[in-house]
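Residue numbers begin at 1 in each chain, while the letters A, B, ... track the order of the sequences. For the numbers below, each heavy atom of this structure counts, side chains included, while hydrogens, waters and symmetry mates do not.
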There are 2 protein chains.
Amino acid sequence: MAEVTAPPTRRLEILSAAAELFARRGYHGVSIGDLGRAVGLTGPALYRHFRGKEALLAEMLLDISDRLLTEGERRAEAADSPALALDALLRWHIDFALDNPALITVHVRELSNVPQPQRREIRRLQRAYAEEWVRVLRLIHPESTDDRARSATHAVFGLLNSTPHSTGDLDRDTMTELLHAMASEAFAGAFRS
Amino acid sequence: MAEVTAPPTRRLEILSAAAELFARRGYHGVSIGDLGRAVGLTGPALYRHFRGKEALLAEMLLDISDRLLTEGERRAEAADSPALALDALLRWHIDFALDNPALITVHVRELSNVPQPQRREIRRLQRAYAEEWVRVLRLIHPESTDDRARSATHAVFGLLNSTPHSTGDLDRDTMTELLHAMASEAFAGAFRS
DNA sequence: GATACCTGTTAACGTTGATTAACATCGGAC
DNA sequence: GTCCGATGTTAATCAACGTTAACAGGTATC
């Protein structure tokens with residue numbers, strides 16, 4: 001019995017292919033037919049797995065936002081000091097971005113195409129994730145302000161999420177260390193008066 | 001014939017409105033009708049000013065790429081030292097991004113929707129602009145590599161271009177100095193062994 | 001004051017796209 | 001062996017979109 005529902009490998013396969021295509025051509029630039037073809041099916045077959053194109057995008061973004069927030073909070077709270085918590089957030093985000101460049105791209109670009117009930121929830125998760133960074137930053141720099149920490153956080157997100165546009169000149173480990181060094185110093189610079 | 005062409009104020013008005021809409025909803029998410037309505041016209045009226053939707057986007061991206069490159073090179077070469085040239089590039093890019101958040105967004109997202117003859121030219125300009133940064137960085141850090149400088153440059157572009165996503169919490173001057181400090185330190189961190 | 005060009009408009013066309021309907025196959029439960 | 005749910009397919013529907021055609025007003029020039 002072990003399993004409650006059959007392994008939904010098809011859904012995941014579709015979501016993965018869709019992320020790739022949405023990242024490359026944008027949500028509206030990809031048709032249901034394209035999506036099906038990418039996994040060896042016809043367009044209408046997708047309706048056996050998703051309510052529609054918007055629902056597919058919504059599920060994708062919800063999943064990303066939730067993973068970022070949940071694991072980010074977990075690692076930050078497991079750290080022994082604010083400085084180490086920031087380091088944990090940085091490493092988690094960098095790993096995620098390097099592992100899932102397409103997801104990061106879609107996450108940052110396509111929110112506006114998600115219909116309302118779920119758009120609000122995704123926004124909430126994204127905001128909560130950013131606020132976790134702000135919280136940790138304020139512990140390290142209590143003399144600063146939330147606004148400044150928030151702007152610095154978004155700037156560092158931009159830096160880390162630039163990964164997809166970097167044509168893989170550097171190997172993975174080098175890239176990880178480069179991004180970590182740049183982001184750390186960027187934060188330091190943000191709070192040096 | 002005195003005048004070669006009448007002052008193309010309508011064209012500029014359309015381009016400006018289109019940048020705003022493309023940034024918010026994506027190229028395919030905006031119809032010709034939307035574009036016309038945004039400037040108080042009907043859709044087909046746009047064909048009096050542009051060959052079509054793709055041509056409009058192409059012109060927009062060509063103009064941005066050219067302005068970034070031309071003025072960037074001008075300022076970098078007017079500087080008295082590599083360090084000052086980098087500073088000039090930073091200030092130019094920050095000013096441009098804060099002045100034209102919508103253009104920056106479109107510039108970075110919609111290249112794939114430009115048809116081929118012009119897509120290649122835009123790519124060329126974008127690459128040349130990035131290479132100008134790489135060139136200046138290598139003058140400052142001759143012990144590093146082009147690959148590393150290129151990756152660092154793209155990361156800093158990501159940081160600077162995050163502006164549009166930052167909900168204007170900070171005033172313009174504060175934001176300028178924050179971005180400048182973060183980007184400068186990010187570069188420093190990229191080349192500290 | 002007729003002519004022509006510039007800049008609009010509305011109506012029509014052809015295509016594409018998301019979605020749904022109707023029908024097929026297949027594997028397991030009974 | 002039959003029945004059924006899960007998962008596909010192809011054909012049909014309906015709206016939206018980019019583009020073009022046909023037509024109109026205004027201004028400027030001769």
Exercise. Quick one: A:R11 CZ to D:dA6 P, roughly how many Å, whole number?
Worked result: 14 Å
Seminar exercise, completed: Residues B:P115 and B:E54: closest non-hydrogen pair is CG-OE1, 3.7 Å
For this session: Scan residues 14-37 of chain B against DNA chain D and write down, sorted by residue number, each residue with any heavy atom closer than 4.0 Å; if none is found, say none.
Result: B:V30, B:S31, B:I32
For this session: Of all the heavy-atom pairs spanning B:A19 and B:A102, show the shortest one and how long it is.
Result: O-CB, 3.7 Å
Exercise. If you measure from the Lys or Arg side-chain nitrogens to the Asp or Glu carboxylate oxygens, is any gap between A:D95 and A:R172 under 4.0 Å?
Worked result: yes
Exercise. For residues B:D173 and B:T176, is any side-chain donor paired with an opposing acceptor at under 3.5 Å?
Worked result: no
Seminar exercise, completed: Sorted by number, residues from residues 39-56 of chain A placing a heavy atom under 4.0 Å from DNA chain D are A:L41, A:T42, A:P44, A:A45, A:R48, A:H49
Exercise. Are the ring centres of A:F187 and A:H141 closer than 6.0 Å?
Worked result: no
Problem set entry | SB check B:R75 B:E132 (cutoff 4.0 Å) | no
Exercise. Centre of A:F50's six-membered ring, under 6.0 Å away, within 45 degrees of the axis: is that where NZ or CZ of A:R11 sits?
Worked result: yes
Exercise. Do A:H165 and B:F157 have their ring centres less than 6.0 Å from each other?
Worked result: no
Exercise. Do we see a donor-acceptor contact under 3.5 Å between the side chains of A:N161 and A:H107?
Worked result: no
Review item, nucleotides 27-29 of chain D N/O atoms under 3.5 Å of protein N/O:
none

Problem set entry | Whether B:Y129 and B:H93 hold their rings parallel, tilted or perpendicular, with breakpoints at 30° and 60° | parallel
